[in-house]
Amino acid sequence: MADPKGFMTTPREEYPRRPVEERVRDWNEVYVPGALLPIISRQADRCMDCGIPFCHDACPLGNLIPEWNDLVSREDWRAASDRLHATNNFPEFTGRLCPAPCEAGCVLAINQPAVTIKNVEVAIADRAWADGFTPPRPPDRLSGRTVAVIGSGPAGLAAAQQLTRAGHTVAVYERADRIGGLLRYGIPAFKMEKRHLDRRLEQMRAEGTKFRTSTAIGRDLGAAELRARYDAVVLAVGATAWRELDVPGRELAGIHQAMEYLPLADRVCEGDLEVSPLSAAGKHVVIVGGGDTGADCLGTAVREGAASVTQLDIYPQPEAERDEDVEPWPTYPKIYRLSAAHEEARDLETAPAADADARLFAASTLHLTGDADGHVRSLHLVEVDERRRPVPGSGRTLPADLVLLALGFSGPDRHDGLIDQLGLVLDARGTITRGADFATNVPKVYVAGDAARGQSLIVWAIAEGRAVAAAVDRALAGTSQLPAPIGPYDRPMTA
């Protein structure tokens, strides 16, 4: 604890964002370059070095937050990087993309603004890369065992890196043409520039991990054949089976799933396309779904030059502060948060009819109508009460040339045939079942991440990848020194 009074004398100061008018004209990250380092040591001083640091429990990775806060406050960046990477393979990802349940669990947050844990994390990660503290760590010797990892999102990459470093020969199979899963084709570049992903992948290649792109297991390569080739198989295919909107008019042209829309914008940034075929330019856009994926669609549509963008959230507008009776500290509360995309929509007034920023809360879609050519032109909605019952007389109509569905995901996609070919058992939610050791009902086959847990956060995906790697290493070698931060049945803290 470098400054025993830091939490009393220093106010919370967050990573400043670039002006809205500037950042919506490009796809670069929204933050002011270089503006974090001058403030971060003072912010780390606010950490109280608690006797029982609940930030540990709030983060499934078990990040050693008070330790690296203290090291940052003393500007010992190498040691801070070592402590951060001891529990997290990819802090440059989580520091940009995680909603920071650790900050909700910060003891200081009981009655003050929490320590800026997420900002400290990304500052350490970026400084580590800049100063060369993250060299490849190839194993001293190979085990002679082989592992296939199917899926290259955060769970698959974490499992692959851990198993490679343990000495196993690992190949990662990805059905897309580039590695990264939703980190590559799903997360907009303004939230995380892909150079951070590419840099980490180069480290993994140097360590010995092999990557096989454009290979859908079950379609391009039989699942049974793959299983026969390897000593173990880790399924980290995510939960990509999107939920549908079952209302009249869904069949109209111009209505698309968020994960049909967002990857095309990423491909424009990658240089594959000059313009997205689903571009929002000049269109009235309505996003159905109030979560992070909907916010990603919002920021993307604003950058593409939409005529208007409105986001519908079926839940009522949250309060600014947590309700201690319903969501007491240290649980992660549902409160009103203003993401970068919502700030942009608010300042640019993209949705004049919205309740706040671009969002209409407690809004449910009734039906969609189109023109003579069968293209959507209007979305008809109604306000709902806390039990989602329509409020009489609250109906309204929004112009809609492009409707994006961001309603979440129910489980892994079955179209490639992987699940059926292996004979995997699914639970009632549509996710893959597993035992206490992350093993499925099929010998040698393990599952990690959203494919088994269901739609979750990036920190849980990385924690799952690290934990399944320990289970596989133990099965192959008889014992394992790899950390297992969570078990397959662990869940976030709730009241």
Side-chain angles (χ1 to χ4, degrees), residues 10-44 46 72 91-104 106 109 112-127 129-130 183 186-197 262 265-266 268-269 280 285 287 290-306 309-311 313 318 320 335-351 354 356-359 457-459:
T10 304
R12 178 180 169 103
E13 188 176 0
E14 298 189 42
Y15 200 167
R17 295 168 179 167
R18 295 187 288 142
V20 167
E21 290 285 355
E22 172 190 317
R23 70 189 194 232
V24 297
R25 293 197 295 267
D26 61 45
W27 294 90
N28 300 331
E29 289 178 12
V30 300
Y31 296 102
V32 177
L36 186 57
L37 283 179
I39 66 173
I40 210 62
S41 293
R42 297 193 305 274
Q43 292 304 302
R46 299 181 69 240
V72 166
E92 66 273 29
F93 303 166
T94 53
R96 288 175 166 83
L97 303 177
C98 181
C102 54
E103 294 188 15
C106 174
Q112 293 188 49
V115 173
T116 53
I117 298 170
K118 180 177 174 178
N119 286 178
V120 177
E121 178 181 28
V122 77
I124 298 170
D126 289 351
R127 184 67 178 263
W129 282 106
L183 294 171
I187 299 297
F190 59 81
K191 289 180 69 174
M192 187 184 81
E193 295 171 12
K194 307 310 174 184
R195 60 188 175 89
H196 302 294
L197 174 59
L262 291 172
D266 281 323
V268 171
C269 294
V285 180
I287 302 161
D292 289 342
T293 302
D296 292 345
C297 292
L298 174 63
T300 299
V302 167
R303 282 162 177 75
E304 289 178 337
V309 194
T310 306
Q311 183 180 6
D313 190 335
I335 60 174
Y336 178 75
R337 294 179 173 90
L338 190 70
S339 72
H342 291 119
E343 180 186 44
E344 292 157 7
R346 180 198 65 188
D347 290 1
L348 297 175
E349 298 181 345
T350 70
D357 46 76
R359 287 173 279 191
L457 305 178
I458 183 172
V459 281

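- Residues passing the side-chain contact (heavy atoms from CB on, under 4.5 Å) test with Ala358, sequence neighbours excluded: Leu298, Ala345, Thr350, Ala351.
- Atom CZ in Arg17 sits 5.0 Å away from atom CD in Glu343 (nearest 0.5 Å).
- Scanning both residues, Glu14 and Thr116, for their nearest heavy atoms gives CG-CG2, 4.2 Å.
- Residues that satisfy the side chain to side chain donor-acceptor pair (under 3.5 Å) test with Arg303, not counting sequence neighbours, are Glu344.
- Residues that satisfy the side-chain contact (heavy atoms from CB on, under 4.5 Å) test with Asp266, not counting sequence neighbours, are Tyr185, Lys194.
- Atoms CG and CD1, from Asp292 and Ile458 in turn, are 11.5 Å apart once rounded to the nearest 0.5 Å.
- A search for ring-ring contact (aromatic ring centres under 6.0 Å, His included) contacts involving Phe93 returns Phe90, not counting sequence neighbours.
- With values rounded to the nearest 0.5 angstrom, Leu37 atom CG is found 6.0 Å from Arg127 atom CZ.
- Residues Thr94 and Lys118 come closest through the heavy atom pair O-CE, 4.2 Å.
- Applying the side chain to side chain donor-acceptor pair (under 3.5 Å) test to Glu22 and every residue at least two apart in sequence or in another chain returns Arg18.
- Residues meeting the side chain to side chain donor-acceptor pair (under 3.5 Å) test with Arg195, sequence neighbours left out: Glu193.
- Smallest separation of non-hydrogen atoms from Val32 and Tyr15: O-CE2, 3.4 Å.
- Scanning for side-chain contact (heavy atoms from CB on, under 4.5 Å) contacts around Asp357 gives Tyr336, Leu338, His342, Arg346, Arg359, with sequence neighbours left out.
- Nearest heavy atom pair, residue Gln311 against residue Gly291, reads NE2-O, 3.6 Å.
- In Glu349, the CD atom is not crowded: 12 or fewer heavy atoms of neighbouring residues, nucleotides or ligands sit closer than 6.0 Å.
- With Arg25 contributing its side chain and Glu21 its backbone, the two residues share a donor-acceptor pair below 3.5 Å.
- Proximity of a side-chain donor or acceptor of Arg337 to a complementary backbone N or O of Pro99 within less than 3.5 Å is not detected.
- To the nearest 0.5 angstrom, Ile40 atom CD1 is 8.5 Å from Ile124 atom CD1.
- For Lys191, the salt bridge (charged side-chain N to carboxylate O under 4.0 Å, His left out) partners at least two apart in sequence or on another chain are Asp296.
- In this structure Ala114 satisfies the side-chain contact (heavy atoms from CB on, under 4.5 Å) test together with Arg12, Glu103, Cys106, Ala109, sequence neighbours excluded.
- Checking side-chain atoms of Gln43 against main-chain N and O of Glu13 turns up a donor-acceptor pair under 3.5 Å.
- Atoms OG1 and CD1, from Thr300 and Ile287 in turn, are 8.5 Å apart once rounded to the nearest 0.5 Å.
- Under the salt bridge (Lys or Arg N to Asp or Glu O under 4.0 Å) criterion, the residue pairs touching residues 28-38 are Glu29-Arg96, with sequence neighbours excluded.
- Rounded to the nearest 0.5 angstrom, Ile187 CD1 and Leu197 CG are separated by 11.0 Å.
- Residues passing the side chain to side chain donor-acceptor pair (under 3.5 Å) test with Glu304, sequence neighbours excluded: Tyr261.
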